[in-house]
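Notes for the one structure printed next.
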Amino acid sequence: MAEPSGGTLTAYRALLGAQARSQTAYRTSFVVDLLGNVGATVFDVLTVLVLYGVTRELGGFTLRETLVMVGLTAVAFATADLLVGNVERLPRYVRTGLFDAVLLRPLGALPQLLLMDLPLRKVSRALFGLAVWVAALSVAGIEWTPARVVLAVVAPLAAVVFFGAVFVATATVSFFWVESGELANSVTYGGRDFTSYPVTVFEGWFRAAFAYGLGFAFVSYQPALALLGRADPLGLPAWAGWAAPGVALVALAGAAAAWRVGVRHYRSTGS
């Protein structure tokens, strides 16, 4: 794949700059949006705290241990939603023919979609998620080693890539089935909820499908085990906790392949 030219990068910067100026033009409204967007992540954390208000353990894990998973999911999903979540608009672009205009421009289709309405208001959610992640690590009683410090930095980045790949892959289904929004949401937002808890909470085919079939166990559960120094109750070896970057790269490659197939399959509306 060819490297983007200077002119292409300038065009992308211009798109990003235009979005930033338009979204911050009314500062009071923008600040309200920033504050309002924190709410979703706040409620995710509060839900876990409420559950532990009536039980001391959940799936064999204490509150402090589960908060490591919650924090990792919070920062990763919010960041991926900020950077890539806009691809969820693809079904509307396909249905209305707006995707035709995207393809006509001498720029990459996917970067255009992501920059056309980048939701800068979601920055606050990502920052709050980062705060939860740092706080969770500080109270979890982790015995820090150089390797675990590296994992504490790499695991959220890998999870951002993984969630971003899921956003793109599920949106690509709209090239074949336009009304696929709810299916996509069940995987993206369902995956966020799934990774906020120990996978031992779930059972049977559902756990097998989400945790290992789709790879969500390697977003927060397995890295958390490695950070906490805990053996996996489900029997996976200790190195599984360090496999998150590899799983994320596999997901990224799969999403890229799905996107290329989807774009080739797309037929113009003629509008």
Side-chain angles (χ1 to χ4, degrees), residues 12-13 15-50 52 63-89 111 113-140 142 144 148-168 185 188-197 216 219-221 223-224 227 244-245 248 252:
Y12 289 143
R13 284 196 296 269
L15 280 172
L16 179 58
Q19 284 299 315
R21 288 190 296 274
S22 65
Q23 293 182 40
T24 59
Y26 299 95
R27 295 183 181 180
T28 301
S29 177
F30 182 67
V31 170
V32 171
D33 281 344
L34 283 175
L35 296 176
N37 266 274
V38 177
T41 305
V42 170
F43 283 122
D44 289 342
V45 176
L46 287 178
T47 300
V48 174
L49 295 177
V50 169
Y52 275 96
L63 173 59
R64 291 184 178 184
E65 292 170 331
T66 300
L67 282 177
V68 175
M69 304 174 203
V70 173
L72 180 47
T73 294
V75 64
F77 186 86
T79 304
D81 192 20
L82 167 66
L83 299 176
V84 188
N86 193 42
V87 77
E88 290 180 323
R89 295 174 175 265
L113 288 177
L114 302 183
L115 292 173
M116 282 169 63
D117 189 19
L118 189 68
L120 297 178
R121 63 189 179 278
K122 294 182 179 180
V123 169
S124 58
R125 189 186 301 178
L127 292 175
F128 180 78
L130 178 60
V132 175
W133 172 234
V134 173
L137 292 177
S138 67
V139 302
I142 297 172
W144 289 105
R148 284 178 178 158
V149 171
V150 171
L151 183 61
V153 175
V154 172
L157 297 177
V160 170
V161 172
F162 183 90
F163 276 126
V166 171
F167 271 114
V168 173
N185 288 341
T188 53
Y189 294 95
R192 177 200 62 187
D193 295 338
F194 184 89
T195 56
S196 295
Y197 300 92
F216 282 102
V219 171
S220 62
Y221 175 70
L227 287 169
L252 181 63

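Taking the six-membered ring where the residue is Trp, the centroids of Phe216 and Tyr221 are separated by 6.0 Å or more. Aromatic rings from Phe194 and Tyr189 are positioned such that their centres are separated by 6.0 Å or more.
Atoms CG and OH, from Leu67 and Tyr52 in turn, are 8.0 Å apart once rounded to the nearest 0.5 Å. Expressed to the nearest 0.5 Å, how far CZ of Arg125 lies from CZ of Phe77 amounts to 7.5 Å. Going from atom CG of Asp44 over to atom OG1 of Thr73 covers 9.0 Å, rounded to the nearest 0.5 Å. Atom OG of residue Ser138 and atom CH2 of residue Trp133 lie 11.0 Å apart, to the nearest 0.5 angstrom. We find the CZ-CG distance between Arg64 and Leu137 to be 13.0 Å, quoted to the nearest 0.5 Å. Note: Asp193 CG to Thr188 OG1 = 9.5 Å, rounded to the nearest 0.5 Å.
Nearest heavy-atom pair, Ala152 versus Leu227, reported as atom, atom and distance to 0.1 Å: N-CD2, 4.1 Å. The minimum heavy-atom distance linking Ala80 with Gly164 is given by the pair CB-N, 3.8 Å. Minimum interatomic distance between Pro223 and Leu151 (heavy atoms only, all atoms of both residues): O-CD2, 3.8 Å. Closest of all the heavy-atom pairs between Ala76 and Ala159 is CB-CB, 3.3 Å. Val70 approaches Ser196 most closely through the heavy-atom pair CG2-O, 3.3 Å. Pairing each heavy atom of Phe163 with each of Val219, the nearest pair is CE1-CG1, 3.7 Å.
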For this session: Check the pair Thr195 / Leu72 against side chain to side chain contact (heavy atoms under 4.5 Å, CB included), numbers first and verdict last.
Result: CA-CA 9 Å; Thr195 56; Leu72 180 47; over 6 Å; no
Exercise. Between Thr47 and Tyr197, is a side chain to side chain contact (heavy atoms under 4.5 Å, CB included) present by the stated rule, with each step listed?
Worked result: CA-CA 11 Å; Thr47 300; Tyr197 300 92; 3.5 Å; yes
Problem set entry | Residue pair Glu88, Asn185: steps toward the side chain to side chain contact (heavy atoms under 4.5 Å, CB included) verdict | CA-CA 9 Å; Glu88 290 180 323; Asn185 288 341; 3.5 Å; yes
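Every side-chain contact (heavy atoms from CB on, under 4.5 Å) that Val150 has, sequence neighbours left out, goes to Val154. The salt bridge (Lys or Arg N to Asp or Glu O under 4.0 Å) search around Arg89 returns Asp117, not counting sequence neighbours.
Residues Leu114 and Val84 form a side-chain contact, since some pair of their non-hydrogen atoms from C-beta on lies under 4.5 Å apart. Taking 4.5 Å as the limit, every side-chain heavy atom of Leu130 sits out of range of all side-chain heavy atoms of Thr79.
Within the 3.5 Å criterion, the main-chain N or O of Leu113 finds a donor-acceptor partner in the side chain of Asn86.
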